Amino acid sequence: MIKIDDSSRECVLSCEVFPPKKEDSFPKIYETVDRIAALKPAFISVTYGAGGSNSGKQLEIVDYIQNKTDTEALAHITSVGYDRERLDEGLRRFAEKGVHNVLALRGDRPKDMSDEQYASREFEHADDMIRYMRSSGRSEESLMIAGACYPEKHPEAPDKPTDIFFLKKKQDAGCNMLISQLFFENSVFYRFLEYTEKNDITIPIHAGIMPITDSKQLGRTITLSGTSVPKKLADICANYGDNPEDMKKAGIEYAVNQAVDLAANGVQGIHVYAMNKPELCEAVFNAVR
Ligand code: FAD
């Protein structure tokens, strides 16, 4: 199980991978995982498509991480796509493989899901799912539960106080740690940490960092996450967008600088959204260490 140690002054490094959509690129994910595991991260998290299309593959990948490498696996679960029965079954399967870490999320509505189906999900929000897991006998000793947080607020939240009010509910429901949405401006994250502290959120908060390696990726990322883009990063995309090699180099450098500054300012953890590109983790981890 992932150790939650508030007293440690070391910045905990971790990474996210996702099950590839194309069947033929699937074997490559194990090479990716091996390369990331060689960097000795505290954990590798594996995403879950709320539509459920890659659920079997997610189980295979977390099994591989947990049992074929020295790394802890963290399985994402979403309340969109998981009812009580499916959640119990999913947690049983994870436990069978020795996986005792989950990131509990609401999830976003898949394009092919009807309004009715979406509205009728059993767990409306991530905290409902966390509360259920704790109330059905999953103690902190047997299951580590992480949750998501949003330094710039969740796009659906009317304002920051409301978002923080509900974030506190995750902690109260039994969430052990938080992983943040990606952000490109560290001052945003530092203000967020101050705000969470003022609102009695005391569990560790790990910073989400995504190296931008091509200019189209930036557009997709903003659309999905609603994250704001500082001028410096926008300029990098404008200047190097047509030159893939230089763009990748400059994007990695931007993320490395962000990560080094975060570690120097004592953040508890950095979680790299590496887009299944191990070289991005290598660059960030090596620079921080
Ligand atoms: P919630 O915590 O439920 O919050 C959603 C909104 O509802 C917020 O505006 C919040 O303020 C509000 N809210 C929260 N609780 C309550 C409540 N009790 N009552 C009323 N309002 C409430 N998506 C995937 O599909 N698969 C993944 O693998 C995945 N991985 C992710 C990993 C990380 C680290 C992050 C940050 C996001 C990830 N996402 C993933 C995206 C995530 O599912 C979306 O951001 C989703 O819109 C919100 O999920 P949540 O768990 O934060 O939701």
Side-chain angles (χ1 to χ4, degrees), residues 2 12 14-21 43-55 57-59 61-62 73-82 87 90 94 101-113 118-119 121-133 145-184 188-189 192 195-196 199 201 203-210 220-227 269-276:
I2 297 169
V12 176
S14 64
C15 176
E16 176 188 282
V17 298
F18 57 85
K21 288 201 179 75
F43 61 89
I44 300 175
S45 77
V46 184
T47 65
Y48 177 81
S53 55
N54 63 16
S55 56
K57 290 175 181 170
Q58 186 206 35
L59 184 65
I61 299 170
V62 292
L74 170 67
H76 296 201
I77 52 176
T78 61
S79 72
V80 176
Y82 269 92
L87 178 58
F94 291 141
N101 309 297
V102 292
L103 172 57
L105 301 146
R106 183 196 66 183
D108 286 319
R109 188 173 122 181
K111 283 191 192 91
D112 56 359
M113 187 177 273
Y118 180 69
R121 65 191 184 276
E122 189 158 0
F123 302 110
E124 196 174 345
H125 289 285
D127 65 316
D128 298 319
M129 216 180 192
I130 297 170
R131 207 167 291 109
Y132 169 70
M133 288 190 277
I145 306 178
C149 62
Y150 301 82
E152 297 184 65
K153 91 169 180 62
H154 185 271
E156 290 165 34
D159 48 48
K160 285 186 183 172
T162 310
D163 208 27
I164 289 287
F165 173 81
F166 288 122
L167 188 59
K168 173 80 165 45
K169 283 190 181 285
K170 284 187 198 182
Q171 174 177 286
D172 295 345
C175 183
N176 301 114
M177 66 175 274
L178 296 166
I179 301 178
S180 91
Q181 180 60 286
L182 59 99
F183 57 89
F184 298 115
V188 168
F189 188 70
F192 175 70
Y195 195 42
T196 52
N199 284 277
I201 295 173
I203 53 180
I205 304 180
H206 292 202
I209 293 291
M210 180 185 277
R220 284 194 302 272
T221 304
I222 304 165
T223 310
L224 284 172
S225 64
T227 305
I270 297 176
H271 186 63
V272 182
Y273 295 105
M275 310 296 290
N276 291 358

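Only this structure's heavy atoms are used, side chains among them; waters, hydrogens and symmetry mates stay out. When a ligand or atom number is given, it counts from 1 through the structure's own listing order. Fair warning: this is a prediction, and the values are worked out from it, not measured in the lab.
Which parts of ligand 1 touch Ala148 is read off a 4.0 Å heavy-atom cut-off, strictly below it: atoms 35 (C), 36 (C), 52 (O). Close approach to Ala126 involves these atoms of ligand 1, each under 4.0 Å from a residue heavy atom: 2 (O), 3 (O), 51 (O). Numbered from 1 in the order shown, with element, the atoms of ligand 1 that lie under 4.0 Å from a heavy atom of Asp163 read 8 (C), 9 (O), 10 (C), 11 (O).
The nearest non-hydrogen atom to atom 48 (C) of ligand 1, considering only His154, Glu16, Lys153, comes from His154. When the options Gln181, His125, Arg109 are ranked by their closest heavy atom to atom 1 (P) of ligand 1, first place goes to His125. Across the listed options Leu105, Asp159, Asp128, Leu105 owns the non-hydrogen atom lying nearest to atom 31 (C) of ligand 1.
Under 3.5 Å, the side chains of Ser45 and His76 contain a donor-acceptor pair of N or O atoms.
The existence of a salt bridge linking Lys169 and Asp172 is excluded, since no basic side-chain nitrogen approaches an acidic carboxylate oxygen closer than 4.0 Å.
For the ligand labelled ligand 1, residue Glu124 lies outside the 4.0 Å heavy-atom shell. At a 4.0 Å cut-off, at least one heavy atom of Tyr273 sits close enough to ligand 1 to count as contact. Between Tyr150 and ligand 1 there is a heavy-atom distance shorter than 4.0 Å.
When only interatomic distances are considered, the shortest N/O to N/O separation between Gly107 and ligand 1 falls below 3.5 Å. For Asp108, a nitrogen or oxygen atom sits less than 3.5 Å from a nitrogen or oxygen atom of ligand 1, counting backbone and side chain alike. Some N or O of Tyr48 is nearer than 3.5 Å to an N or O of ligand 1, by distance alone. In terms of polar-atom proximity, Thr47 is not counted as a contact of ligand 1, lacking any N or O under 3.5 Å from an N or O of the ligand. Close N/O approach between Thr162 and ligand 1 is not found [any backbone or side-chain N/O within under 3.5 Å].
Tyr48 and Tyr82 have their aromatic ring centers within a separation under 6.0 angstrom.
A cation-pi arrangement, defined by a distance under 6.0 Å to the six-membered ring centre and an angle within 45 degrees of its axis, is present between Arg121 and Tyr118.
Residues His125 and Phe166 form no side-chain contact, since every pair of their non-hydrogen atoms from C-beta on lies 4.5 Å or further apart. Side-chain contact check for Thr221 versus Tyr273: every heavy-atom pair is 4.5 Å or farther apart.
Side-chain atoms of Asn176 come within 3.5 Å of backbone atoms of Ile145 as a donor-acceptor pair (strictly under, hydrogens ignored). In this structure a side-chain-to-backbone donor-acceptor pair under 3.5 Å is missing from Ser79 to Met129. Listed for the Glu152 side chain is no donor-acceptor partner under 3.5 Å among the backbone atoms of Val188.
The shortest heavy-atom contact between Lys153 and Asp163 is CA-OD2, 3.2 Å.
Residue contacts with ligand 1 for Arg106 involve both N, CA, C or O and side-chain atoms from C-beta outward (heavy atoms, distance under 4.0 Å). Contact annotation for Phe18 and ligand 1: no heavy atom of the residue comes within less than 4.0 Å of the ligand.
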